[in-house]
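The structure under discussion appears below in the form of structure tokens.
Both ligands and their constituent atoms are indexed starting at 1 by order of listing.
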Amino acid sequence: MSVVAIYSMKGGVGKSCTAVNLAWNSAVGSSRRTLLWDLDPQGAASFILKGDRSKKDRARAMVAGDVKPEKLIKHTDVENLDILAADVSLRGLDRLFFQISKKRHLGKLLKEIGRHYDRIILDCPPGLTETSEQILRNADIVIVPTIPSPLSERALTDVQMFLNSNSKKHAPLLPVYTMVDRRRSIHNEGLARKPKWPVIPMSSAVEHMTKLQQPVGSFAPRSPAAQAYARIWRGIEKKLAKK
Ligand SMILES: Nc1ncnc2c1ncn2[C@@H]1O[C@H](COP(=O)(O)OP(=O)(O)O)[C@@H](O)[C@H]1O
Ligand SMILES: [Mg+2]
């Protein structure tokens, strides 16, 4: 089982859309038993995959060990893809991790839940918090969606410096450019600075995901954005195979 986190210090950069589409590629393209675990109380990925219909907010209680993960995990409309949905109770996640004060807590949970899966995709809340640190230390790969601009690239450098500032191990950070619009000079300048970073184009298909509540691969598989996600996922599988 491998854990792929979709993380950025910033909000609104395309983390949730990336998480849903990479999870779809894992489940459908690679036939992996896949779980998308939504850790962001905003619950965008849970909404898109129609996983957010529970009566009680129990996501935090599950992390605390008071509710069994199996009680909250649901199948999605996509074969091989399950969802562990977020709800507003996750607002208190940082405090919980801090109180538990066991640095490996998330790692243990991932191992337990991961017995039934080949891939776990984490949709992360923004920020550089206790929760982020647990995620960054326990994932195998961290995908960092980044809108091309000097400020976004600086946020990535900050996270890298934070992780390197102590000797504990962490997953490799793999930036991908998101919402790229080649008509904009600032985007083109970003692409010229980092020509090797994968690119997800600005796409109306991706925008429609929240209306249709489906991954792009389900309704627009030939769109440039769907193909970009597929390419990025194949690259992730290659990296995981080398581990
Ligand atoms: N490639 C894209 N093209 C167009 N719109 C996008 C793209 N990726 C994300 N969006 C839109 O941008 C907004 C923020 O995306 P989201 O994935 O929720 O970001 P985050 O999880 O980082 O907050 C959403 O309205 C989403 O529909
Ligand atoms: Mg999000």
Side-chain angles (χ1 to χ4, degrees), residues 4-26 35-52 59 76 83-91 93-94 120-129 131-132 135-136 139 142-149 151-156 158-159 173-184 186-188 190-191 194 197-233:
V4 179
I6 317 303
Y7 167 79
S8 165
M9 198 143 82
K10 294 167 94 65
V13 295
K15 291 185 296 299
S16 297
C17 289
T18 303
V20 168
N21 290 317
L22 292 182
W24 184 90
N25 275 285
S26 167
L35 175 72
L36 194 156
W37 185 357
D38 188 352
L39 284 163
D40 187 347
Q42 292 181 56
S46 307
F47 173 77
I48 295 169
L49 292 175
K50 304 177 199 153
D52 63 342
T76 68
I83 172 105
L84 184 42
D87 57 51
V88 289
S89 69
L90 289 177
R91 214 175 46 85
L93 203 56
D94 281 321
I120 296 182
I121 313 293
L122 300 178
D123 187 19
C124 304
L128 191 47
T129 59
T131 306
S132 325
I135 291 166
L136 294 165
V142 180
I143 303 296
V144 188
T146 306
I147 296 173
S149 88
L151 204 56
S152 315
E153 288 155 28
R154 201 182 75 164
L156 177 73
D158 285 348
V159 175
L173 301 185
L174 301 180
V176 301
Y177 274 135
T178 51
M179 297 190 226
V180 172
D181 179 352
R182 289 179 195 269
R183 290 168 305 183
R184 300 190 189 183
I186 194 134
H187 286 202
N188 285 322
L191 266 51
K194 307 286 182 189
W197 290 8
V199 171
I200 300 161
M202 182 72 91
S203 149
S204 58
V206 176
E207 280 173 329
H208 277 88
M209 284 172 61
T210 46
K211 199 172 92 187
L212 300 172
Q213 290 185 281
Q214 285 175 31
V216 277
S218 296
F219 66 91
R222 287 170 196 279
S223 63
Q227 291 182 9
Y229 289 119
R231 253 192 319 274
I232 291 166
W233 180 256

Closer than 3.5 angstrom, by distance alone: can the side chain of Y177 be matched with the main-chain N or O of P201 as a donor-acceptor pair? no
Taking V216's backbone N and O only, do any of them form a donor-acceptor pair with N21's side chain (distance below 3.5 Å, no angle check)? yes
Could a heavy atom of S203 be found less than 4.0 Å from some atom of ligand 1? yes
Over all atoms of both residues, closest heavy-atom pair of L35 and L84: CD1-N, 3.8 Å
Is there at least one pair of N or O atoms, one from V13 and one from ligand 1, spaced under 3.5 Å apart? yes
Right, does atom 24 (C) of ligand 1 have protein non-hydrogen atoms nearer than 4.0 Å? no
For atom 7 (C) of ligand 1, the closest protein heavy atom turns out to be V206 CG1, 3.3 Å
Short N/O distance, under 3.5 Å, between T18 and ligand 1? no
Min N/O separation P201 to ligand 1 under 3.5 Å: yes
Quick check against the 3.5 Å criterion: does K15 have a side-chain atom that pairs as donor or acceptor with the backbone of K10? yes
Can you list every salt bridge (Lys or Arg N to Asp or Glu O under 4.0 Å) pair that touches residues 211-230, not counting sequence neighbours? none
Can you name the atoms of ligand 1, numbered from 1 with element, that are less than 4.0 Å from a heavy atom of C17? 9 (C), 17 (O), 26 (C)
Separation of I200 CD1 from I147 CD1 (nearest 0.5 Å): 11.0 Å
What atoms in ligand 1 come closer than 4.0 Å to a heavy atom of G12? 19 (O), 20 (P), 22 (O), 23 (O)
From atom 20 (P) of ligand 1, work out which of M202, K15, E207 has a heavy atom at the shortest distance. K15
Please indicate, with yes or no, if any protein heavy atom is found under 4.0 Å from atom 5 (N) of ligand 1? yes
Around the Mg ion (ligand 2), what protein N, O or S atoms are found below 2.8 Å? S16 OG
Check each of M179, M209, K211, H208 against atom 10 (N) of ligand 1 and report the one with the nearest heavy atom. M179
How far apart are the closest heavy atoms of L90 and D38, and which atoms are they? CD1-O, 3.5 Å
Nearest-0.5 Å distance, CZ of residue F219 to CE of residue M209: 6.5 Å
Is the backbone of V144 close enough, under 3.5 Å, to the side chain of T146 for a donor and an acceptor to pair up by distance? yes
Quick one, L49 with W24, criterion side chain to side chain contact (heavy atoms under 4.5 Å, CB included). Give me CA distance, side-chain angles, the key distance, then yes/no. CA-CA 10 Å; L49 292 175; W24 184 90; over 6 Å; no
Using a 3.5 Å cut-off on N or O atoms only, is Y229 in polar contact with ligand 1? no
Quick one: are V159 and V142 in side-chain contact, heavy atoms under 4.5 Å? no
Among all protein non-hydrogen atoms, which one is nearest to atom 18 (O) of ligand 1, and what is the separation to 0.1 Å? S16 CB, 3.9 Å
Would you find a donor on one side and an acceptor on the other, under 3.5 Å apart, between the side chain of S46 and the backbone of G51? no
Within the side chain of D87, is there an N or O that forms a donor-acceptor pair under 3.5 Å with the backbone of A59? yes
Got an N/O contact under 3.5 Å between G14 and ligand 1? yes
